[in-house]
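Note that this is a predicted model, so its numbers are computed, not measured. No hydrogens, no waters, no symmetry mates; every other heavy atom, side chains included, goes into these values.
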2 protein chains.
Amino acid sequence: MTDDRTGDQLLKMLTALANPHRLRILAALHERQAYVSELARELEMSRPLLHMHLQTLEKVGLVVGRHEVSAEGKALRYFEVADFDEQLSPERITEAVKTLSRHDEPDGKAKR
Amino acid sequence: MTDDRTGDQLLKMLTALANPHRLRILAALHERQAYVSELARELEMSRPLLHMHLQTLEKVGLVVGRHEVSAEGKALRYFEVADFDEQLSPERITEAVKTLSRHDEPDGKAKR
DNA sequence: GTCACGTGTAAGTTTCAACTGACACGTGAA
DNA sequence: TTCACGTGTCAGTTGAAACTTACACGTGAC
């Protein structure tokens with residue numbers, strides 16, 4: 001499950017991780033899951049900004065969100081970290097690059 | 001050597017890796033070392049662009065360069081990949097974030 | 001009804017990485 | 001002396017990511 005990740009997927013994962021806010025978010029959610037506003041307070045960032053970063057993380061599967069209704073009837077959005085494990089080494093990268101798509105060739109479905 | 005990497009260093013490494021060109025560069029250099037112009041042809045990218053990416057990679061230590069004079073007296077700049085091995089998991093990230101510096105507090109040497 | 005707290009998102013700005021094109025310099029070979 | 005090939009760097013453009021502000025909506029408590 002961790003080795004059949006394509007180069008494109010690895011690149012997306014790296015892109016998602018290459019941000020201090022998102023690293024902090026992952027660390028915080030690893031301690032305990034939380035809902036958005038709660039997490040925004042804890043990390044001292046604006047809620048829209050956190051929302052954006054959470055979307056980025058969720059899109060690549062590093063985090064999973066779910067809806068939950070609190071006892072007071074509030075519709076909360078809880079997030080928790082996904083359980084990933086990637087290795088970064090020259091060998092691993094060389095392997096991944098083989099399945100990394102190029103965005104310059106006119107043979108694909110790109111506009112030509 | 002791989003565990004005492006601070007959060008800041010990890011972030012820099014991730015930032016450097018989060019780019020398709022740089023992944024390709026690492027893969028190519030893992031196969032065999034090469035000098036700049038040579039590599040630019042192989043990867044079909046402009047030399048200034050490659051030069052820039054190589055600098056980025058070298059700055060974080062993912063690649064090391066050295067000067068070498070060819071038989072014809074050309075001063076060539078050879079690069080090879082460094083031997084790195086980093087693990088990416090929620091645990092590892094949580095650990096790294098503890099040593100991740102914040103850039104919003106006025107206690108540092110930042111302009112205030 | 002209005003406040004406090006939660007959700008989502010759209011619009012606009014700012015910041016920065018990525019990229020191109022051009023210049024400068026050095027060498028050996030024709 | 002000019003060409004082919006190597007090096008390095010700078011100035012300027014561009015496009016995407018990051019971020020702020022503001023709006024819209026829903027609920028239970030006062």
Side-chain angles (χ1 to χ4, degrees), chain A residues 8 11-26 29 33-60 62-80 100 102-104 110-111, chain B residues 11-26 33-60 62-80 100 102-104 110-111:
Chain A
D8 289 330
L11 176 58
K12 283 182 187 172
M13 181 180 178
L14 288 169
T15 303
L17 289 176
N19 179 289
H21 282 329
R22 291 196 285 266
L23 288 184
R24 277 186 225 282
I25 291 169
L26 287 173
L29 290 181
Q33 50 181 262
Y35 62 90
V36 184
S37 294
E38 183 184 20
L39 190 56
R41 282 190 293 267
E42 179 181 335
L43 297 180
E44 293 175 303
M45 70 174 85
S46 74
R47 194 178 51 79
L49 181 57
L50 173 61
H51 188 270
M52 189 198 79
H53 285 308
L54 282 171
Q55 275 191 332
T56 303
L57 288 170
E58 190 176 31
K59 206 175 302 174
V60 298
L62 290 174
V63 117
V64 294
R66 68 171 190 283
H67 288 286
E68 192 166 310
V69 179
S70 72
E72 310 87 44
K74 301 269 178 66
L76 306 181
R77 177 107 219 225
Y78 269 90
F79 279 93
E80 61 187 311
L100 185 61
R102 312 186 48 167
H103 293 290
D104 53 286
K111 59 210 173 267
Chain B
L11 177 57
K12 283 181 187 173
M13 180 181 179
L14 288 169
T15 303
L17 289 176
N19 178 289
H21 282 329
R22 291 195 286 266
L23 288 184
R24 278 186 226 282
I25 292 170
L26 288 173
Q33 50 180 264
Y35 62 88
V36 184
S37 293
E38 183 184 21
L39 190 56
R41 282 189 295 267
E42 179 181 335
L43 296 180
E44 292 175 299
M45 69 173 87
S46 75
R47 193 178 51 79
L49 181 56
L50 174 61
H51 188 270
M52 189 197 80
H53 285 308
L54 283 172
Q55 275 191 334
T56 303
L57 289 170
E58 191 176 31
K59 205 175 303 176
V60 298
L62 290 174
V63 117
V64 295
R66 68 172 189 282
H67 290 286
E68 193 165 308
V69 179
S70 72
E72 311 87 43
K74 300 271 179 64
L76 305 181
R77 178 104 220 234
Y78 270 89
F79 279 93
E80 62 186 310
L100 184 61
R102 311 187 50 168
H103 293 291
D104 53 286
K111 57 202 173 281

Asker: Tell me whether the side-chain N/O atoms of B:R22 come closer than 4.0 Å to OP1 or OP2 in C:dA18.
Answerer: yes
Asker: With sequence neighbours left out, write down each residue that passes side chain to side chain donor-acceptor pair (under 3.5 Å) with A:E38, or none if nothing qualifies.
Answerer: none
Asker: When you measure from every atom of DNA chain C, which of residues 50-58 of chain A have a heavy atom less than 4.0 Å away?
Answerer: A:H51, A:Q55
Asker: Using every non-hydrogen atom in the two residues, find where B:A18 and A:L11 come nearest and quote the distance to one decimal.
Answerer: C-CD1, 3.8 Å
Asker: Applying salt bridge (Lys or Arg N to Asp or Glu O under 4.0 Å), can you list everything that pairs with A:R66, at least two apart in sequence or on another chain?
Answerer: A:E68, A:E80
Asker: List in chain and number order the residues that pass ring-ring contact (aromatic ring centres under 6.0 Å, His included) with A:F79, two or more places apart in sequence or in another chain; answer none if no residue qualifies.
Answerer: none
Asker: Please list, in 5' to 3' order, the outermost nucleotides of DNA chain D lying under 4.0 Å from any heavy atom of chain B.
Answerer: D:dC5 to D:dT9
Asker: Looking at residues at least two apart in the chain, or sitting in another chain, which of them share a side chain to side chain donor-acceptor pair (under 3.5 Å) with A:S70?
Answerer: A:E72
Asker: Do you know which two heavy atoms are closest between B:L100 and A:R24, and how far apart they sit?
Answerer: O-NH1, 3.7 Å
Asker: For DNA chain C, find the residues of residues 70-77 of chain A with a heavy-atom distance under 4.0 Å and give them by number; none if there aren't any.
Answerer: A:K74, A:A75, A:L76, A:R77
Asker: Quick one: side-chain contact (heavy atoms from CB on, under 4.5 Å) partners of B:P48, sequence neighbours excluded?
Answerer: B:S46
Asker: Enumerate the residue pairs fulfilling salt bridge (charged side-chain N to carboxylate O under 4.0 Å, His left out) with a member in residues 47-60 of chain A, sequence neighbours excluded, ordered by first and then second residue.
Answerer: A:E58-A:R77
Asker: Could you work out, with side chain to side chain donor-acceptor pair (under 3.5 Å) as the rule, every residue matching A:Q55, not counting sequence neighbours?
Answerer: none
Asker: Checking B:H53 now: which residues fulfil ring-ring contact (aromatic ring centres under 6.0 Å, His included) with it, not counting sequence neighbours?
Answerer: B:H21
Asker: In whole angstrom, give the distance that lies between atom CZ of A:F79 and atom C1' of C:dT7.
Answerer: 11 Å
Asker: Starting from the 5' end of DNA chain D, give me the residue, A:T15 or B:Y35, whose nearest nucleotide shows up first.
Answerer: B:Y35
Asker: Atom CZ of A:R47 to atom P of C:dT9: distance rounded to whole Å?
Answerer: 11 Å
